[in-house]
Asks: 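Supplied in structure tokens, the structure appears directly below.
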There are 4 protein chains.
Amino acid sequence: MDKRRAARIDQVLNAAADCFVEFGFHGAGMAKIAKRASMSVGHIYHYFENKEAIIAAIVDRESELAAERFAEFEEVPRDELVHVMTERVDEMVDSKADAFQSVLNLEILAESQRNPQIACIMRQHDEEVRELFRSMLKDKLNLPDAEARTELLLSLFGGLASRIIRHPELDRHTLIPLIKQVMHLALEPCDKDDKRKSE
Amino acid sequence: MDKRRAARIDQVLNAAADCFVEFGFHGAGMAKIAKRASMSVGHIYHYFENKEAIIAAIVDRESELAAERFAEFEEVPRDELVHVMTERVDEMVDSKADAFQSVLNLEILAESQRNPQIACIMRQHDEEVRELFRSMLKDKLNLPDAEARTELLLSLFGGLASRIIRHPELDRHTLIPLIKQVMHLALEPCDKDDKRKSE
Amino acid sequence: MDKRRAARIDQVLNAAADCFVEFGFHGAGMAKIAKRASMSVGHIYHYFENKEAIIAAIVDRESELAAERFAEFEEVPRDELVHVMTERVDEMVDSKADAFQSVLNLEILAESQRNPQIACIMRQHDEEVRELFRSMLKDKLNLPDAEARTELLLSLFGGLASRIIRHPELDRHTLIPLIKQVMHLALEPCDKDDKRKSE
Amino acid sequence: MDKRRAARIDQVLNAAADCFVEFGFHGAGMAKIAKRASMSVGHIYHYFENKEAIIAAIVDRESELAAERFAEFEEVPRDELVHVMTERVDEMVDSKADAFQSVLNLEILAESQRNPQIACIMRQHDEEVRELFRSMLKDKLNLPDAEARTELLLSLFGGLASRIIRHPELDRHTLIPLIKQVMHLALEPCDKDDKRKSE
DNA sequence: AATGAATGAGACTTCATTCAT
DNA sequence: GATGAATGAAGTCTCATTCAT
């Protein structure tokens with residue numbers, strides 16, 4: 001019976017995610033969510049106290065999913081890590097091109113600026129991701145400034161998503177090598193050249 | 001007479017921007033906008049046909065402002081360009097930390113995914129910005145793949161904004177040098193090393 | 001088996017009375033009643049066809065209880081009756097100060113004005129009470145106008161309840177002697193003085 | 001223009017009072033109130049922030065009205081006061097028989113037990129009424145225990161209303177003289193007889 | 001007997017928009 | 001140009017009630 005409950009909750013969450021992407025957190029009405037979940041409006045309130053609670057659950061689920069996507073790097077042995085990560089850039093760009101994920105992320109970011117509860121959930125997950133990257137960079141690759149490098153990489157990945165929204169036709173073929181260079185820069189010890197240049 | 005009209009419109013636009021940041025495009029009601037603009041609800045409809053028209057105007061104004069911020073690089077002589085741009089990183093990070101601008105941008109990005117009119121406005125401005133960068137990189141710095149380099153830079157800048165939302169306490173001191181390195185990478189001819197690595 | 005059923009019904013009735021006092025007949029939801037009765041919502045409908053039926057049962061039970069409270073006077077011998085009744089004023093005032101009973105009574109009175117079924121139940125019980133008083137006054141105390149005297153007493157008692165709601169801090173010490181005087185007036189043959197005054 | 005506003009507010013208040021009497025505070029929906037006020041649902045919210053605010057306004061208006069009804073006694077010269085008051089009993093009983101007023105009062109009393117704001121409004125008006133009576137009894141009639149006598153009278157009047165609900169057919173002809181006796185008792189100095197009896 | 005999932009109507013409230021003044 | 005009264009649809013949420021288990 002608990003399984004049925006979980007399935008029902010997922011039904012709502014999936015429908016809600018759809019609607020949120022299509023109309024935004026505040027543009028999507030409970031009626032639309034209910035219809036897409038093939039469920040009565042009232043019954044949704046047996047599983048979620050609030051519309052906000054649905055949003056929070058979506059944020060939680062989506063953030064967790066995003067964190068899991070990074071988690072697979074943890075099992076990669078250290079001498080393959082750089083190679084594996086750079087090789088994954090192509091599919092990462094593809095994933096960023098997924099409008100569904102991107103819009104949901106934007107919505108979450110925007111909402112987190114007005115809803116402290118959302119901000120809290122989002123930041124907890126971000127901390128996990130950061131810690132995961134940081135420990136990889138520091139422990140596996142022996143890199144200094146692991147935090148800053150992490151921020152650089154996450155900036156780049158996050159920025160990619162908004163770039164694709166602003167310019168969907170961008171030429172990935174020529175961009176991807178550049179991204180890989182930045183990743184090498186972030187994943188390898190600074191050589192003297194770089195240091196000189198940055199001063 | 002026309003000046004008064006323009007001032008009135010700005011009054012509305014400023015109030016609207018405030019409200020949109022605080023409540024989101026769909027969370028902000030015309031009543032709140034009117035009150036913050038010290039204007040009657042009905043009168044706003046003398047200047048804007050729609051709430052959507054207000055949103056569109058905001059998007060237009062905001063995008064133009066963003067483009068102008070980049071435009072100042074056009075007047076920098078070519079041998080100072082790299083230096084000037086990298087030196088500006090600090091204030092750029094500061095500007096990304098401005099919640100007002102960031103939230104407005106997120107809202108615009110999200111809205112552009114559901115409102116084709118908004119998407120159109122936003123993309124036109126993005127094209128301007130891209131063209132500006134592209135011509136700088138190509139004509140002033142003689143760089144190949146100017147489009148891709150532009151995308152890389154814009155990705156980085158855009159990603160910074162979302163990073164600061166997700167992790168407001170991030171240590172800018174150690175991140176900024178890294179960003180500068182990436183900028184050098186994007187603004188200078190690829191050396192053989194980099195090429196080898198990226199393969 | 002029937003005993004269990006009665007206990008279950010009482011469980012519901014007690015919970016319902018609680019909720020009705022706290023939220024009113026229309027403000028109390030079946031869900032709250034069910035929770036306070038430690039019973040499922042659906043199961044309540046095995047014992048009561050309706051929410052209205054619960055209300056009716058409450059009205060019945062409460063009215064019966066009120067009638068029983070008066071019934072004890074029946075066993076008092078006639079020459080002690082006046083004395084016993086006046087001596088009970090203190091505890092009567094206390095009982096009227098019981099918010100639970102008072103609110104329930106108000107709710108019942110108000111509901112009886114819109115729900116004929118409730119009105120019917122209530123009036124049947126009132127008739128019992130009236131008859132009880134009337135026969136006491138007439139048969140035991142040989143008083144004329146027993147009906148009117150009954151109404152006077154019941155008015156006074158009923159009015160006390162609303163007074164305590166409107167003015168909870170009222171000074172009972174000085175009020176109670178006055179009430180006793182009125183009771184004497186109602187429970188003793190009119191003397192000539194009174195008759196003269198009332199003309 | 002302010003006159004129009006007041007008229008509109010009265011329109012709502014009258015419609016609301018009607019509905020509250022017919023369905024109770026919580027049984028009456030905004031839709032019904034709006035329809036009876038010949039006004040759109042939404043527009044009511046231009047005049048009242050809340051349904052609660054409407055209830056509060058009704059309570060205020062009704063209580064004020066009730067207080068005004070007593071206020072006319074203030075202008076009666078002292079040697080006619082007792083006579084005038086007892087002569088008014090007939091119409092008072094009639095007014096208590098007005099279902100509209102009675103139900104509204106019950107609703108108010110019941111609501112005041114759960115809504116502190118309502119309780120506050122109601123008690124302020126009750127204080128006015130009490131003070132009016134008290135000063136009459138003390139200053140005009142030189143009576144001791146003016147507060148207690150006031151409470152006795154108000155109890156009697158209030159109780160009359162609930163009696164008429166419980167027993168609409170009660171014989172007023174024989175009751176009214178009794179009431180007048182009680183009023184005399186409350187409005188005249190205690191004689192020794194009464195004192196003896198009440199001990 | 002007992003549960004709680006499920007429904008759809010209706011609760012209060014807010015919204016974008018129009019219109020008379 | 002400017003106001004704010006006015007509307008009705010749609011918003012979120014709760015309700016009494018039923019039904020499969």
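Throughout, protein chains are lettered first and strands after them, A, B, ... in sequence-line order, and every chain is numbered starting at 1.
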Asks: Do the side chains of C/Glu64 and C/Ile121 get nearer than 4.5 Å, heavy atoms only?
Replies: no
Asks: Looking at residues at least two apart in the chain, or sitting in another chain, which of them share a side chain to side chain donor-acceptor pair (under 3.5 Å) with B/Gln124?
Replies: none
Asks: Return each pair, listed once, that meets salt bridge (charged side-chain N to carboxylate O under 4.0 Å, His left out) where at least one residue sits in residues 26-35 of chain C; pairs must be two or more places apart or across chains.
Replies: none
Asks: At a heavy-atom distance below 4.0 Å, what parts of residues 20-49 of chain B sit against DNA chain F?
Replies: B/Met39, B/Ser40, B/Gly42, B/His43, B/His46, B/Tyr47
Asks: Chain B on DNA chain F: first and last contacting nucleotide, 5' to 3', under 4.0 Å to a heavy atom?
Replies: F/dG1 to F/dG4
Asks: Which residues pass the salt bridge (Lys or Arg N to Asp or Glu O under 4.0 Å) test with A/Arg5, not counting sequence neighbours?
Replies: none
Asks: Would you list the pairs meeting salt bridge (charged side-chain N to carboxylate O under 4.0 Å, His left out) in which at least one residue belongs to residues 43-60 of chain D, sequence neighbours left out?
Replies: none
Asks: Flag the pair D/Phe20 / D/Ile108 as yes when at least one side-chain heavy-atom distance between them is below 4.5 Å, and no otherwise.
Replies: no
Asks: May I ask you to test the A/Val59-A/Glu111 pair for a side-chain heavy-atom distance under 4.5 Å?
Replies: no
Asks: Would A/Ile44 and A/Ile54 count as a side-chain contact (heavy atoms from CB on, under 4.5 Å) here? Give the steps.
Replies: CA-CA 9 Å; A/Ile44 293 184; A/Ile54 301 180; 3.8 Å; yes
Asks: Tell me, do B/Met122 and B/Leu109 make a side-chain contact under 4.5 Å, heavy atoms counted?
Replies: yes
Asks: Could you tell me which residues satisfy ring-ring contact (aromatic ring centres under 6.0 Å, His included) with B/His43, sequence neighbours excluded, listed by chain and number?
Replies: B/His46, B/Tyr47
Asks: Let's test your reading of the pairing rules: Watson-Crick or G-U wobble, both distances under 3.5 Å, then write DNA chain F as a dot-bracket string with ( ), [ ], | and dots.
Replies: .||||||||||||||||||||
Asks: Distance from A/Ile165 atom CD1 to B/Arg123 atom CZ, nearest 0.5 Å?
Replies: 8.5 Å
Asks: Please list, by residue number, the residues of residues 50-62 of chain B whose heavy atoms come closer than 4.0 Å to an atom of DNA chain E; answer none if no residue qualifies.
Replies: B/Asn50, B/Lys51
Asks: Apply the test side-chain contact (heavy atoms from CB on, under 4.5 Å) to residues B/Leu65 and B/His125: give CA-CA distance (whole Å), side-chain angles for both, the deciding distance (0.1 Å), then the verdict.
Replies: CA-CA 10 Å; B/Leu65 231 95; B/His125 285 281; over 6 Å; no
Asks: Please list all pairs meeting salt bridge (charged side-chain N to carboxylate O under 4.0 Å, His left out) that have one or both residues in residues 14-23 of chain B, counting only residues at least two apart or in different chains.
Replies: B/Asp18-B/Arg36, B/Glu22-B/Arg36
Asks: Could you identify which residues of residues 3-19 of chain B place a heavy atom less than 4.0 Å from some atom of DNA chain F, listed by residue number, or say none?
Replies: B/Arg4, B/Arg8
Asks: Taking the side chain as every heavy atom from C-beta outward, state whether A/Phe23 and A/Ile33 have any pair of such atoms under 4.5 Å apart.
Replies: no
Asks: Table please: side-chain donor-acceptor pairs of residues 99-107 of chain D below 3.5 Å, with sequence neighbours left out.
Replies:
{"unit_1": "D/Gln101", "atom_1": "NE2", "unit_2": "D/Glu62", "atom_2": "OE2", "d": "3.2"}
{"unit_1": "D/Ser102", "atom_1": "OG", "unit_2": "D/Lys96", "atom_2": "O", "d": "2.8"}
{"unit_1": "D/Ser102", "atom_1": "OG", "unit_2": "D/Asp98", "atom_2": "O", "d": "3.2"}
{"unit_1": "D/Asn105", "atom_1": "ND2", "unit_2": "D/Gln101", "atom_2": "O", "d": "3.4"}
{"unit_1": "D/Glu107", "atom_1": "OE1", "unit_2": "C/Arg114", "atom_2": "NH2", "d": "2.2"}
{"unit_1": "D/Glu107", "atom_1": "OE2", "unit_2": "C/Arg114", "atom_2": "NH2", "d": "3.2"}
{"unit_1": "D/Glu107", "atom_1": "OE2", "unit_2": "D/Phe25", "atom_2": "N", "d": "3.4"}

